[in-house]
Amino acid sequence: MKTKVHVTRIIAYLVQYLLVAFLFWFLRAHFFLMFLVVMSVVPFLSIGAVFLLRRFVEVTLVAPEREQNKDEIGFLHLKVKNPLWIFSFDANLILWTQNCFYGDTGKTRISVPIQMHATYEKMIPVRYSMNGMYRYRLDGFAMRDLLGIVSLAKKVTTETEVVIYPAGEGTRTGDMSDLSKGMTESEETQKKGHDFSDVSDVREYIPGDKLMSIHWKLSAKRDILMVKDRVSMSDQQMVILTELSGEDEEVDQVLSLTYGICDAFVREQIYVRLMWWSEGRFAFEERQILNKDALKKAFADLYYDKTYKDLEKTKELMRSIHPELTAYVHICYRNGEADAEVVEQD
């Protein structure tokens, strides 16, 4: 927004001023003389007041709920604080909206009153029809003086973000047991410093225990082999590759299906290794998912990437970069819907 001088309002005011001056000249009435004096002073007071108002008024925008589910209605909390005994009936804000994942942007003009020595608050409803990271930013704030002669722009720097996850827990139609071929052995040393199973106790080694379960540091201290007793998580991992290729609506369906499948496996206490191809980093991103919070965090990270067009390249890249994976679950958009298939690598 820019500062504007409204010429038509100035012309209209001058016409009224000349009309009052003519009536005073013609009737010689003191009333019109007083009116002329007031009309001579009021424009300067009006413009001076809005200059002062621009300096002290404060605008903030906050999303009370930083996380929402798709197709839900959320709210943005707009607050205009005015500590002065000056007011304005006509103030406008430009609200920019951006879905960082898809790159979609839009803007909305919002008219608000600046109340005298008060705080104006407004809850703006927003319906989230797509997954992603939504960023809201107020870009410019303009207020008119009471006579409407000038509109003064004020620089506003306030923004907020909302992460949108697929609606509900999500489910996959049909029997999910057909995805069991996508499981591979979960190696504890795959990521340094990460243990992908829940440890309930530490006990002495029993012949037949897996070497990956040995607690090496404790064993060295006690001079006897000690193993970590795992009870909660599976000793296998479900490798899931989600495809970010296609039109926005297609990718959105893929994300919803991915979220539902991951959530279903996590609830069955199966460790999920979620992967996706990052165009910006030109590498596969991986996230280890053991619970719902980790799943949400993984999707929040995914939303900082971008979609791409080539559907087939990820399979080729998986074969060349991760040949150790014998199989994985590939979730993509095909035949008019989002679907999951098990890809077995040679």
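Computed from a predicted model, the values in this text were never measured in an experiment.
- Defined by atom type and a distance below 3.5 Å, a donor-acceptor pair is missing between the side-chain atoms of Asp71 and Asn69.
- Phe299 pairs with exactly one of Trp276, Tyr165, Tyr259 by the ring-ring contact (aromatic ring centres under 6.0 Å, His included) rule, that one being Tyr259.
- Counting heavy atoms from C-beta outward, Gln288 and Tyr271 have side chains that approach closer than 4.5 Å.
- Once rounded to the nearest 0.5 Å, the distance linking CZ of Arg54 with CG of Leu152 reads 5.0 Å.
- Within a 6.0 Å sphere centred on CD of Gln345, other residues, nucleotides and ligands contribute more than 12 heavy atoms.
- Between Ile321 and Trp277 the shortest side-chain heavy-atom distance falls below 4.5 Å.
- The CE atom of Met133 lies 8.5 Å from the CG atom of Asp301; values are rounded to the nearest 0.5 Å.
- Atom NZ of Lys107 has 12 or fewer heavy atoms from other residues, nucleotides or ligands within 6.0 Å.
- Using a cutoff of 4.0 Å between basic side-chain nitrogens and carboxylate oxygens, Glu341 and Lys315 are scored as salt-bridged.
- Leu45 is not connected to Ile10 by any chain of hydrophobic side-chain contacts under 4.5 Å among Ile, Leu, Val, Met, Phe, Trp and Tyr, and they are in different clusters.
- Ionic pairing of Asp263 and Arg267 is present here: one or more N-O contacts between side-chain nitrogen and carboxylate oxygen are shorter than 4.0 angstrom.
- Across Lys309, Lys313, Lys306, a single residue satisfies salt bridge (charged side-chain N to carboxylate O under 4.0 Å, His left out) together with Glu279, and that is Lys313.
- Residue Tyr120 places its OH atom among more than 12 non-hydrogen atoms of other residues, nucleotides or ligands, all under 6.0 Å distant.
- Ring planes of Phe22 and Trp25: tilted class, angle from 30 to 60°.
- Grouping the Ile, Leu, Val, Met, Phe, Trp and Tyr side chains by contacts below 4.5 angstrom, directly or via other members, places Met39 with Val42.
- Note that CG of Leu138 and CG of Leu61 are 4.5 Å apart. Values are rounded to the nearest 0.5 Å.
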Let me see the working for Asn99 and Asn131 under side-chain contact (heavy atoms from CB on, under 4.5 Å), right down to the final yes or no.
CA-CA 9 Å; Asn99 188 318; Asn131 299 303; over 6 Å; no
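- For the pair Met143/Val50, a side-chain contact is recorded, criterion being any heavy-atom separation below 4.5 Å from C-beta on.
- Here the closest heavy-atom approach between residue Val251 and residue Gly246 is recorded as CG2-O, 3.8 Å.
- The nearest pair of heavy atoms linking Leu147 to Ser46 is N-OG, 3.4 Å.
- For the residue pair Glu243 and Tyr308, a side-chain donor N or O sits within less than 3.5 Å of a side-chain acceptor on the partner.
- Using cut-offs of 30° and 60° on the angle between ring planes, the pair Tyr328 and His330 is perpendicular.
- Under a hydrophobic-cluster definition in which Ile, Leu, Val, Met, Phe, Trp and Tyr are linked whenever side-chain heavy atoms come within less than 4.5 Å, directly or via other members, Val5 and Tyr17 are assigned to the same cluster.
- Annotation: the span from Thr158 atom OG1 to Glu58 atom CD amounts to 11.0 Å, rounded to 0.5 Å.
- Under the 3.5 Å distance criterion, with hydrogens and angles disregarded, no donor-acceptor pair is assigned to the side chains of Ser278 and Tyr304.
- By the 4.5 Å heavy-atom criterion applied to side chains, Tyr128 and Val162 are counted as neighbours.
- Around atom CE of Met123, more than 12 heavy atoms belonging to other residues, nucleotides or ligands sit under 6.0 Å away.
- Looking only at side-chain heavy atoms (C-beta outward), Thr3 and Val150 stay at 4.5 Å or farther from each other.
- Atom NZ of Lys4 has 12 or fewer heavy atoms from other residues, nucleotides or ligands within 6.0 Å.
- Nearest heavy-atom pair, Asn291 versus Ala294, reported as atom, atom and distance to 0.1 Å: OD1-N, 2.8 Å.
- Side-chain contact check for Pro166 versus Lys70: every heavy-atom pair is 4.5 Å or farther apart.
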